Asker: 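Before anything else, here's the structure in question.
Values in this document were obtained by computation on a predicted structure and should not be read as measured data.
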Amino acid sequence: MTDNAENAVARNPDDVSRFVEHFAAQLVEAGLQRMPARVFAALLASDSGARTSAELSEQLQISPAAVSGAVRYLAQVHMLSREREPGSRRERYRVHSDQWYEALTNREAIIKRWEDALREGVTSLGADTPAGRRLAETLAFFEFIEKDVARMMERWRIHRETLFGPEDRP
């Protein structure tokens with residue numbers, strides 16, 4: 001399989017496949033489902049950062065339905081974006097160099113909801129009960145992390161630009 005990006009570098013398909021499967025296994029270890037992990041790794045390993053469903057299905061030797069489920073999940077968690085292929089009804093699925101940043105910062109909304117639920121739990125269970133104290137400690141942890149994530153992401157944007165220059169998105 002060749003990459004659709006102009007000036008794509010020729011690679012040994014077995015080396016690419018080994019990387020995709022190895023990195024996907026690491027993502028699965030971290031809690032991502034197997035098919036979304038494989039699709040994400042395949043997109044990440046392509047020079048263009050984009051593939052159609054048919055290309056992913058062929059590369060990974062999986063069914064179009066498996067690709068569909070994987071990209072649906074990855075789009076929901078902001079790990080890829082969908083775009084129309086020019087002059088076609090086919091969709092391409094794309095990862096960007098800032099996908100990690102986007103995925104992490106989109107987790108902030110989830111953490112806010114968890115914090116709200118934990119506050120309610122502390123109130124419902126009683127702050128002076130063992131369960132209430134455990135929930136309060138969990139809440140304090142998320143509040144602590146939340147403060148540092150915003151600062152860390154701003155530092156990353158500056159550091160990234162120093163290393164790689166301004167983002168060049170299609």
Side-chain angles (χ1 to χ4, degrees), residues 1-115 117 142 145-146 149-150 152-170:
M1 166 161 282
T2 60
D3 202 297
N4 289 334
E6 286 185 35
N7 304 321
V9 176
R11 292 188 180 82
N12 179 332
D14 291 336
D15 290 343
V16 173
S17 182
R18 258 190 306 281
F19 165 76
V20 166
E21 295 306 325
H22 178 74
F23 190 63
Q26 300 309 307
L27 294 171
V28 168
E29 264 312 293
L32 196 61
Q33 297 169 9
R34 185 169 182 267
M35 280 304 142
R38 292 182 72 214
V39 167
F40 183 76
L43 289 169
L44 201 60
S46 72
D47 284 337
S48 66
R51 293 264 193 252
T52 64
S53 179
E55 290 169 335
L56 287 164
S57 181
E58 178 186 333
Q59 178 183 356
L60 299 173
Q61 296 295 294
I62 59 177
S63 71
V67 172
S68 178
V71 298
R72 185 179 322 108
Y73 172 80
L74 291 167
Q76 286 173 347
V77 296
H78 308 283
M79 290 181 73
L80 64 72
S81 60
R82 297 170 189 247
E83 56 190 41
R84 287 276 181 213
E85 214 171 55
S88 170
R89 292 181 54 193
R90 287 194 311 177
E91 284 189 327
R92 294 183 70 72
Y93 307 104
R94 177 177 299 281
V95 294
H96 299 280
S97 58
D98 65 355
Q99 285 307 139
W100 297 110
Y101 167 81
E102 290 296 325
L104 185 58
T105 55
N106 283 314
R107 295 285 190 254
E108 287 181 78
I110 294 168
I111 290 172
K112 284 280 194 202
R113 289 196 305 269
W114 290 352
E115 288 174 357
F142 284 125
I145 294 297
E146 184 184 13
V149 167
M152 182 180 60
M153 291 294 100
E154 183 55 35
R155 287 193 330 265
W156 165 247
R157 281 191 293 272
I158 294 165
H159 182 68
R160 188 212 161 279
E161 192 161 322
T162 301
L163 291 174
F164 302 105
E167 177 87 29
D168 191 21
R169 271 193 148 175

Asker: Do you know which two heavy atoms are closest between Pro64 and Ser53, and how far apart they sit?
Answerer: O-OG, 4.4 Å

Asker: Once you round to the nearest 0.5 Å, how far does CZ of Arg84 lie from CZ of Arg89?
Answerer: 7.0 Å

Asker: Going by side-chain hydrogen bond (donor to acceptor under 3.5 Å, both in side chains), name the pairs with one or both residues in residues 62-73, residues two or more places apart or in two chains.
Answerer: Ser68-Arg72

Asker: So, for Leu43 and Arg51, which heavy atoms are closest and what is the spacing to 0.1 Å?
Answerer: CD2-N, 3.5 Å

Asker: Please check if the side chain of Glu161 supplies one atom and the backbone of Ile158 the other of a donor-acceptor pair under 3.5 Å.
Answerer: no

Asker: Once side-chain contact (heavy atoms from CB on, under 4.5 Å) is applied, do any residues pair with Phe19, and if so which ones, sequence neighbours excluded?
Answerer: Phe23, Ala45

Asker: State the CZ-CD distance between Arg94 and Glu83, to the nearest 0.5 angstrom.
Answerer: 4.0 Å

Asker: Is there a side chain to side chain contact (heavy atoms under 4.5 Å, CB included) between Lys112 and Glu146 once you walk through the steps?
Answerer: CA-CA 9 Å; Lys112 284 280 194 202; Glu146 184 184 13; 2.8 Å; yes

Asker: Which residues satisfy the side-chain contact (heavy atoms from CB on, under 4.5 Å) test with His159, sequence neighbours excluded?
Answerer: Trp156, Leu163

Asker: List the atom of Ala41, the atom of Val20, and the distance in Å for their closest heavy-atom pair.
Answerer: CB-O, 3.6 Å

Asker: Give, for atom CG of Leu74 and atom CG of Leu80, the distance between the pair rounded to the nearest 0.5 Å.
Answerer: 4.5 Å

Asker: Going by side chain to side chain donor-acceptor pair (under 3.5 Å), name the residues that satisfy it together with Glu154, two or more places apart in sequence or in a different chain.
Answerer: Arg157

Asker: If you take all heavy atoms of Met79 and Phe40, which pair is closest and at what distance?
Answerer: O-CE1, 3.3 Å

Asker: Using 0.5 Å steps for rounding, measure from the CD atom of Glu55 to the OG atom of Ser46.
Answerer: 8.5 Å

Asker: Using side-chain heavy atoms (C-beta onward) and a distance below 4.5 Å, is Val16 in contact with Gln59?
Answerer: yes

Asker: Can you give me the closest heavy-atom contact between Ile62 and Leu56, atom names plus distance?
Answerer: CG1-O, 4.4 Å

Asker: Could you grab the distance from atom CG of Leu27 to atom NE2 of His22, nearest 0.5 Å is fine?
Answerer: 10.0 Å

Asker: Excluding sequence neighbours, so at least two apart, what forms salt bridge (Lys or Arg N to Asp or Glu O under 4.0 Å) with Asp15?
Answerer: Arg18

Asker: Which residue pairs satisfy the side-chain hydrogen bond (donor to acceptor under 3.5 Å, both in side chains) criterion with at least one member in residues 28-38, sequence neighbours excluded?
Answerer: Glu21-Arg38

Asker: Compare every heavy atom of Ser48 with every heavy atom of Arg92, then report the nearest pair and how far apart it is.
Answerer: NH2-OG, 4.2 Å

